[in-house]
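Here's the structure, in structure tokens; my notes come after.
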Amino acid sequence: MTAAKLYIKQGETQKAVEQLEEMLRLSPESAEAHFLLAKLFAAEGRYSEMVSHLGRSADLSPQYHGEIEKARRHFWARGYFCSTSGAVN
């Protein structure tokens, strides 16, 4: 996780995505990894993947619920979410 966060700080998003995806292969129940991936995917316009990882993070832990709800409202307002929380592009 530390390497992924460092890559995020350095703006190396592809390396961060790779680290987080590897972490999820090893620890698929990591709410933090799902949450960070969702944020990276949102920045890249990969909204369906963002939705999936936000949902998984919310299912795993209440820790990120506040930030997840902010993201959902933000993207809903921009037209990326439909009423069933599925992505629409």
Side-chain angles (χ1 to χ4, degrees):
M1 186 65 71
T2 302
K5 288 180 179 179
L6 182 59
Y7 286 134
I8 292 168
K9 279 189 168 195
Q10 294 172 340
E12 300 209 36
T13 56
Q14 185 54 44
K15 288 182 180 179
V17 167
E18 291 168 6
Q19 286 288 316
L20 291 166
E21 287 176 338
E22 178 61 23
M23 170 167 257
L24 288 174
R25 278 190 280 281
L26 300 173
S27 299
E29 305 299 309
S30 172
E32 184 177 21
H34 283 288
F35 178 72
L36 292 174
L37 264 178
K39 288 176 68 172
L40 291 171
F41 289 152
E44 293 178 354
R46 295 166 63 180
Y47 301 114
S48 62
E49 292 164 289
M50 174 195 71
V51 169
S52 174
H53 285 284
L54 283 178
R56 188 68 181 125
S57 179
D59 289 345
L60 291 169
S61 170
Q63 180 177 359
Y64 300 101
H65 281 195
E67 290 182 69
I68 289 169
E69 285 309 309
K70 284 181 193 174
R72 285 181 171 157
R73 283 192 300 272
H74 172 79
F75 288 103
W76 181 295
R78 291 182 172 261
Y80 298 122
F81 276 84
C82 66
S83 62
T84 61
S85 297
V88 292
N89 290 322

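Worth saying up front: this structure is predicted, and the values here are computed from it rather than measured.
- Criterion: ILVMFWY side-chain heavy atoms under 4.5 Å apart, direct or through other members. Under it, Met1 and Leu6 are not part of a common hydrophobic cluster.
- Taking every heavy atom of both residues into account, Ser57 and Tyr64 meet most closely at OG-CD1, 3.7 Å.
- The minimum heavy-atom distance between Ile68 and Ala58, with the atom names listed, is CD1-N, 3.7 Å.
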**OP:** Please step through side chain to side chain contact (heavy atoms under 4.5 Å, CB included) for the pair Glu29 and Arg56, ending with a clear verdict.
**Re:** CA-CA 9 Å; Glu29 305 299 309; Arg56 188 68 181 125; 3.0 Å; yes
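- Atom CE of Met23 is separated from atom CD of Glu21 by 13.0 Å, given to the nearest 0.5 angstrom.
- The NZ atom of Lys39 lies 13.5 Å from the OG1 atom of Thr13; values are rounded to the nearest 0.5 Å.
- Residue Pro28 comes nearest to Arg25 through the heavy atom pair CD-O, 4.3 Å, listed as atom of the first residue, atom of the second, then distance.
- Cluster annotation: Tyr7 is not connected to Val17 through the hydrophobic network of ILVMFWY side chains, with a link wherever side-chain heavy atoms come within less than 4.5 Å.
- Heavy atoms only, all atoms of each residue included: Ala16 and Leu40 are closest at CB-CD1, 3.8 Å.
- Across all their heavy atoms, Ala38 and Met50 have their closest contact at O-CG, 3.5 Å.
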- Item | Full working for side chain to side chain contact (heavy atoms under 4.5 Å, CB included) between Glu69 and Arg72 | CA-CA 5 Å; Glu69 285 309 309; Arg72 285 181 171 157; 3.2 Å; yes
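- For Glu44, the salt bridge (Lys or Arg N to Asp or Glu O under 4.0 Å) partners two or more places apart in sequence, or in a different chain, are Arg46.
- Across all their heavy atoms, Gln19 and Ala3 have their closest contact at OE1-CB, 3.6 Å.
- Hydrophobic clustering of Ile, Leu, Val, Met, Phe, Trp and Tyr side chains at less than 4.5 Å, counting indirect connections, unites Ile8 with Leu37.
- With a 4.5 Å cut-off on side-chain heavy atoms, Lys5 and Glu32 count as touching.
- Taking 4.5 Å as the limit, some side-chain heavy atom of His53 sits within range of a side-chain heavy atom of Leu24.
- Gln14 is linked by a side-chain hydrogen bond (donor to acceptor under 3.5 Å, both in side chains) to Glu18, counting only residues two or more places apart in sequence or in another chain.
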